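Right, one structure below, let's go through it.
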Amino acid sequence: MIPRVVVIDTKTANVASVLAALRRAGAETTLSGCANVVARADRLLLPGVGSFEAGMKQLRRNGLVEPIREHVTKGRPLLAVCLGLQLLCNASEESPGVEGIGLVDAELSRFDEVRLVPQIGWNQVIPCADSRLMRAGYAYFANSYRLTERPPGWSGAMSHYGRPFVAALQRENVLACQFHPELSGPWGQALIERALKLGGPSC
Amino acid sequence: MLTTRLIPCLDVKDGRVVKGIRFAGLRDSGDPVERARIYEDQGADEIVMLDISATPEGRDCARHTVAELREVLQIPLTVGGGVRSVDDAARLLEAGADKVGINTAAVERPALIAEMAARFGRQCVVLALDAARTPHDDWEVVIRSGRERTGRPAVGWATRASDLGAGEILLTSWDRDGTGDGYDTALLHAVSQSVPCPVIASGGAASAEHMAQACHAGASAVLAASILHDGKTTIRDLKTALATAGIEVRQ
């Protein structure tokens, strides 16, 4: 069966790379910021580039926060990328006072331990022992904020920049990547292909 | 640990890769999509494409090339050349660029850096800085593809651009461009010590040894064009040599 993915149009994100990667993985894609389309989606992809505040504002303006929460509560597959992972959290040091989607019970902080921020480039990803989806490899990151610890109940992968930080989170049919799988070479493309099988008949 | 990136640069004019010496005497170096695919297979960490067309037709052609590159590339793509406004940058991002390089327009109107950072995030904004040595053991910013010297100190401009919102600085030594004499490590050291963002070394690379020198001088990434286009070496061989020299690379 061809996976059908609704890519959430946050207007701030550059989605061309994400759409191209999904097409290469054989998925059918729809780019939409419309609450009705998001609410009916089989699979969602929450991309993100830009600030936490700008991303949340756009989601709220289009009434997308509830549909995304419901989508996950119903056990439907969600792939979140970069700022997408961050928007799933409660809050971020980047935008004090701005409430996130709150599906991940954690708060983001800035990379304070290193001189060069944002982190831009390829970093090594180490899967957690209980992760079904993640493999060891190098991933492309472009971020200034991160989670320092895996929140309880989530599997995923860790990486290291100044200190350990969360590279990916996975629980049930949700995969959230701090890195850009769509820009992480064959390793990232293979991860997208595995993520597109989440919630399918074989799982 | 964050690895040192090796980035091939495609100077594209009217749909073809070209390369010269000190921005002049351009020779044809092939089809951009074909070259980019070869470099990705060899282990390129990113591709930089600089559109050096001078006409509106050339610009349209470049956007078409960006879209073609996006379909096949699974690594980041930075596109620069002729970007004058936030709208120009938006068009390149829509076509498939992940980051946008700005050069002359930012020198003429520095607020462009802040505007782009506000709209797309600073990780999207690459300041391309072309620097030429002065008789006073210093560097000045050159613009319009090296045709115009500005008298503005290069290190000061790098710091200002970073403060305004540049996420990376692509630092090209005008004196070394295309010569194969090695990167200007003094320039790299001076700039990378002064800014809190990654610096990409460019201009003069002929060997892995030159690349290792650039890393020791403070570069987070190294750019190469001529040596790759001419087939004198491959990215795979360069990375093997860099790893042997103790530089961490993605292999």
Side-chain angles (χ1 to χ4, degrees), chain A residues 10-21 23-25 31 48-55 82-83 94 111 114-126 137-145 159-162 164-165 179-192, chain B residues 1-7 40-41 43-47 66-79 89-90 92-100 117-126 162 165-169 192-193 195-200 218 220-221 248-251:
Chain A
T10 57
K11 298 294 178 196
T12 58
N14 161 30
V15 290
S17 305
V18 158
L19 292 171
R23 281 195 295 271
R24 283 194 294 267
L31 180 64
V49 168
S51 77
F52 188 85
E53 183 172 16
C82 197
L83 182 70
E94 182 179 17
F111 281 114
V114 277
R115 198 178 74 86
L116 299 185
V117 179
Q119 168 187 222
I120 293 183
W122 297 74
N123 207 333
Q124 201 166 7
V125 173
I126 317 280
Y138 286 98
Y140 180 80
F141 290 85
N143 61 311
S144 300
Y145 297 83
S159 192
H160 197 283
Y161 190 53
F165 71 93
F179 53 86
H180 288 272
E182 77 280 13
L183 301 175
S184 295
W187 178 90
Q189 187 68 28
L191 176 62
I192 289 172
Chain B
M1 197 181 141
L2 203 59
T3 58
T4 296
R5 287 169 285 158
L6 207 161
I7 307 173
E40 183 180 344
D41 284 347
D45 294 305
E46 202 167 317
I47 300 283
V66 171
E68 281 187 327
L69 285 170
R70 182 71 284 150
E71 280 311 304
V72 298
L73 285 185
Q74 302 178 30
I75 54 176
L77 173 63
T78 300
V79 181
L92 290 173
L93 292 168
E94 275 161 31
D98 299 296
K99 305 187 242 187
V100 175
R119 171 114 171 243
F120 312 117
R122 69 164 55 216
Q123 79 295 325
C124 207
V125 184
V126 179
S162 166
E168 282 179 283
I169 293 179
S192 60
Q193 287 300 302
V195 294
C197 66
V199 173
I200 304 165
S220 298
E248 193 159 339
V249 289
R250 175 181 72 107
Q251 280 182 301

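Per chain, numbering begins at 1; letters A, B, ... match sequence-line order. As the structure is a computational prediction, the values presented were derived from the model and not from experiment.
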Point to revise | Most contacts with chain B, counted as non-hydrogen pairs under 4.5 angstrom, among A:P186, A:S159, A:G137, A:P181 | key: A:P186
Review point. Which bit of A:A142 comes within less than 4.5 Å of chain B, counting heavy atoms only: side chain, backbone, both or neither?
Key: both
Point to revise | Aromatic plane relationship, A:Y140 with A:H180 - under 30° parallel, 30 to 60° tilted, over 60° perpendicular | key: tilted
Check your understanding: With sequence neighbours left out, what residues match A:S144 under side chain to side chain contact (heavy atoms under 4.5 Å, CB included)?
Key -> A:V117, A:P118
Review point. Which region of B:R70, side chain (C-beta onward) or backbone (N, CA, C, O), has a non-hydrogen atom less than 4.5 Å from a non-hydrogen atom of chain A, or is it both or neither?
Key: both
Check your understanding: What do you reckon, are the aromatic ring centroids of A:F141 and A:Y161 less than 6.0 Å apart?
Key -> no
Exercise for review: Under 4.5 Å heavy-atom distance to chain B, tell me which part of A:S184 shows up: side chain, backbone, both or neither.
Suggested key: backbone
Study note, to complete from the structure: Whatever's closer than 4.5 Å to a heavy atom in chain B on A:R115 counts as both
Check your understanding: Tell me, side chain or backbone of B:A97 under 4.5 Å from chain A's heavy atoms, or both, or neither?
Key -> backbone
Check your understanding: Do you know which two heavy atoms are closest between A:A139 and A:V125, and how far apart they sit?
Key -> CB-CG2, 3.6 Å
Practice item. Measure distances from B:T4 to the heavy atoms of chain A and classify the residue's part below 4.5 Å as side chain, backbone, both or neither. Key: neither
Practice item. Measure distances from B:E248 to the heavy atoms of chain A and classify the residue's part below 4.5 Å as side chain, backbone, both or neither. Key: side chain
**Study point:** Validation row, ring centre A:W187 to ring centre A:F179 under 6.0 Å
**Key:** yes
Revision key, fill the gap. Interface check, chain B: of A:G121, A:G185, A:A20, most non-hydrogen pairs under 4.5 Å belong to A:G185
Point to revise | Engaged part of B:L77 at the chain A interface, taking heavy atoms whose separation is under 4.5 Å | key: neither
Review point. Who pairs with B:R250 by side chain to side chain donor-acceptor pair (under 3.5 Å), at least two apart in sequence or on another chain?
Key: B:D45
Review point. Given side chains that start at C-beta, do those of B:I169 and B:I200 come closer than 4.5 Å, heavy atoms only?
Key: no
